[in-house]
Undergrad: 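Sharing a structure with you now.
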Amino acid sequence: MEKIVIEGGRRLEGALPISGAKNAALPLMCAGLLTKGGLTLHNLPHLADIKTLASLLTELGSKISYDEEGWDIGSGQTVTIAAQNITSTTAPYDIVRKMRASILVLGPLLAREGEAIVSLPGGCAIGNRPIDLHLKAFEDIGATIELKDGYVRASGKLTGGTVHFATVSVGATENILMAACLADGSTIIENAAKEPEITDLANCLVAMGAKISGIGTSRLEVTGVSELHTTEYSVMPDRIEAGSYAVAAAMTGGELELLGNDLPFVMTGTLEILKQAGLVFNETDRGLLIRLGSEKIKGINAVTQPFPGFPTDMQAQLMAMMTMCDGASVITETIFENRFMHVPELCRMGADITVNGSSATIRGIGKLLGAQVMATDLRASMSLVLAGLAADGVTDVNRIYHLDRGYERLVQKLGSCGAKISREQADSI
Ligand code: EPZ
């Protein structure tokens, strides 16, 4: 078991390359199942979740090849998913339980093979995360759904149809979008999620020959085609990683140039709140220059919303920043039912946070104090790293396997901008 050790209080300055987006890369890799011709993806981040999904795709019969040439701190890896033959349509429990995004193989397998047997993902730290919206959508376009022994079996010929999501769901939108591309008919998806990762997926599917209109809106129209062909596609930058490092710049009183294209758009929602907190941004020809433009971080009221609102995946990181705000802030989490597990750990560093249902009130304090803390989920672990960067003294962040799921080369990236940070063996806790 490893931990991250941070000696806080150092200003971060320099340029930080933003990696390919985990939450775009995962559905894009699943899209590789939709064609026999092979799908080559560039700028894929080196993350645990990418490896886990690659092993699942291999179990299903794909051949996965990597091209590491030229990979340095600033560029991702190139991966080709060659799904010439699908040899299994089952996504087993031991993989799905580790990574919920595995359910995104459901749509492509169902569309390609007429059957998909996928373990129900079960809950995770931030909520029970059902997949009812996915399953209803598949039934709406012709599939038969059976639940047995903790698995869902989807089968049948996809005829297309109208899907209306009662709740906005990123994964359900992605799953049905991929399946609809090969349906024998047209599909309308209403109240679709509009996250930039879905636009990235849709653009790649179109490059593979899919017929999709309304991309970027909450109403997608898909005309099924008989097959999709090969293409190469480059993954968009990770807007949550970018937002996390923008917070790091503000909390340490430093200035970072985040390197990536189209950051102002993909960071919509995040930038709006960070501006209210006093951060200033200047676009450069390489990305976005970010620093705190006021004496102190200003208190804000933030409510997590689907895109283009303030993203739930930035909630924990914003809370870390608000522990140092001038006055008080209120953050309300509307997407997941249990996404405040970073609160007790931040309080152990001296933060003054009170949770009342889905809202947290944060009263700004002078200085956070370094401490031994424990990561509980991916974004909570980042909020503890951010707190450690700003705190007086040394912070040990334990259980950093959570962090390795979503932040590529975090220690190298922060170290290159002046942080005193290292990975060390931890006593097993
Ligand atoms: C995606 O998860 C992201 N993961 C999450 O990022 C992100 O927090 C979430 O979207 C919201 O933006 C990936 O893209 C791999 P949802 P997803 O379906 O698709 C409920 C991270 O930190 N719901 O939009 O699972 C659900 O419980 C991760 O990178 C149902 O009730 O999220 C939640 O309350 C964490 N039934 C809400 O909808 C369903 O069938 C939104 O979930 C599906 C979802």
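Note that these values count all heavy atoms, side chains included, but never hydrogens, waters or copies made by symmetry. As the structure lists them, so they are numbered: ligands from 1, and atoms in each ligand from 1.
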Undergrad: Considering only heavy atoms, does H134 approach ligand 1 within less than 4.0 Å through its side chain, its backbone, both, or neither?
TA: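 Both backbone and side chain.
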
Undergrad: Measure the distance from atom 43 (C) of ligand 1 to every protein heavy atom, then report the residue, atom name and distance (to 0.1 Å) of the closest one.
TA: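 The protein heavy atom lying closest is P130 O, 3.4 Å.
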
Undergrad: What are the two closest non-hydrogen atoms of V247 and M321, and how far apart are they?
TA: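 Minimum heavy-atom contact is CG1-CB, 3.8 Å.
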
Undergrad: Indicate, as side chain, backbone, both or neither, the part of E174 found under 4.0 angstrom from ligand 1 when only non-hydrogen atoms are considered.
TA: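 It is neither part, as no heavy atom is under 4.0 Å.
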
Undergrad: Give me the nearest non-hydrogen protein atom to atom 3 (C) of ligand 1 as residue plus atom name, then the distance to 0.1 Å.
TA: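 Checked against all protein heavy atoms, atom 3 (C) of ligand 1 sits closest to N23 ND2, 3.7 Å.
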
Undergrad: In terms of residue, atom name and distance, what is the protein heavy atom nearest to atom 32 (O) of ligand 1?
TA: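 Nearest neighbour among protein heavy atoms for atom 32 (O) of ligand 1, to 0.1 Å: F336 CZ, 4.1 Å.
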
Undergrad: Taking E333 for its side chain and F336 for its backbone only, find out whether a donor-acceptor pair lies under 3.5 Å.
TA: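 Side chain of E333 to backbone of F336, a donor-acceptor pair under 3.5 Å: yes, one is there.
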
Undergrad: Looking at L258 and A242, what are the two nearest heavy atoms and their distance?
TA: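 Closest heavy-atom pair between L258 and A242: CD1-O, 3.4 Å.
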
Undergrad: Which atoms of ligand 1 have any heavy atom of K22 under 4.0 Å away?
TA: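 Heavy-atom distances to K22 below 4.0 Å select 21 (C), 29 (O).
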
Undergrad: For the residue pair F340 and I331, what are the closest heavy atoms and their distance?
TA: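 Scanning both residues, the minimum pair turns out to be CZ-O, 4.0 Å.
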
Undergrad: Please report which non-hydrogen protein atom sits nearest to atom 6 (O) of ligand 1, along with the residue it belongs to and the distance in Å to one decimal place.
TA: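 The closest heavy atom on the protein side is D313 OD2, 2.9 Å.
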
Undergrad: Using the side chain to side chain contact (heavy atoms under 4.5 Å, CB included) definition, which of the options I189, L133, L158 pairs with I176?
TA: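 Result for side chain to side chain contact (heavy atoms under 4.5 Å, CB included) with I176: I189.
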
Undergrad: Quick one: pull up SG in C204 and CE in M29 and give me the separation to the nearest 0.5 Å.
TA: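 Rounded to the nearest 0.5 Å, the SG-CE separation comes out at 12.5 Å.
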
Undergrad: Is atom 35 (C) of ligand 1 less than 4.0 angstrom from at least one protein heavy atom?
TA: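 Under 4.0 Å from atom 35 (C) of ligand 1, at least one protein heavy atom found.
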
Undergrad: Quick test: of every protein heavy atom, which one is nearest to atom 17 (P) of ligand 1, and how far off is it to 0.1 Å?
TA: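 Here the closest protein heavy atom is R129 NH2, 3.7 Å.
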
Undergrad: Taking the minimum heavy-atom distance to atom 30 (C) of ligand 1, which of D132, T167, I335 ranks first?
TA: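 It is D132 that holds the nearest heavy atom.
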
Undergrad: Please indicate whether any nitrogen or oxygen in R100 is less than 3.5 Å from any nitrogen or oxygen in ligand 1.
TA: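 There is such a contact, yes.
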
Undergrad: Taking 4.0 angstrom as the limit and counting only heavy atoms of G171, give me the atoms of ligand 1 inside it, by number and element.
TA: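 Near G171, the atoms of ligand 1 are 18 (O), 19 (O).
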
Undergrad: Would a distance-only check, ignoring hydrogens and angles, find a side-chain to backbone donor-acceptor pair under 3.5 Å from E283 to P264?
TA: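 Flag not set: sc E283 to bb P264 has no pair under 3.5 Å.
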
Undergrad: Just to be sure I read this right, does ligand 1 sit under 4.0 Å from the backbone of T312, its side chain, both, or neither, counting only heavy atoms?
TA: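 Within the 4.0 Å criterion, T312 contacts ligand 1 through side-chain atoms alone.
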
Undergrad: Who are the side-chain hydrogen bond (donor to acceptor under 3.5 Å, both in side chains) partners of E221, not counting sequence neighbours?
TA: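 With neighbours one apart ignored, the set is R219.
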
Undergrad: Can you name the closest pair of heavy atoms from L47 and G406 and give their distance?
TA: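 Looking at all heavy atoms of both residues, the shortest contact is CD2-C, 3.6 Å.
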
Undergrad: Nearest to atom 40 (O) of ligand 1, what protein heavy atom do you find, and at what distance?
TA: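 Its nearest protein heavy-atom neighbour is L133 N, 2.7 Å.
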
Undergrad: For ligand 1, is any non-hydrogen atom under 4.0 Å from R339's backbone (N, CA, C, O), its side chain (CB onward), both, or neither?
TA: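 Side chain only.
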
Undergrad: Can you check whether D200's main-chain N or O pairs, donor with acceptor, with Y233's side chain at less than 3.5 Å?
TA: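 Such a contact is found between Y233 side chain and D200 backbone.
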
Undergrad: Could you tell me which non-hydrogen atom of A31 sits nearest to which non-hydrogen atom of M208, and how far apart they are?
TA: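 In terms of heavy atoms, the two residues are closest at O-CE, 3.6 Å.
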
Undergrad: Distance to 0.1 Å, residue and atom name: give those for the protein heavy atom nearest to atom 18 (O) of ligand 1.
TA: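 That would be S169 OG, 2.7 Å.
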
Undergrad: Which ligand 1 atoms are under 4.0 Å away from a heavy-atom of R379?
TA: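 Here the atoms of ligand 1 in question are 21 (C), 22 (O), 29 (O).
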
Undergrad: Tell me the closest heavy-atom pair linking G20 and D238, and the distance in Å.
TA: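 Scanning both residues, the minimum pair turns out to be O-CB, 3.9 Å.
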
Undergrad: How far is atom 24 (O) of ligand 1 from its nearest protein heavy atom, and which residue and atom name does that atom have?
TA: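 Protein heavy atom at minimum distance: V170 N, 2.8 Å.
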
Undergrad: Heavy atoms only, cut-off 4.0 Å: how does E197 contact ligand 1, side chain, backbone, both, or neither?
TA: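 The answer is neither; E197 stays 4.0 Å or more away.
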
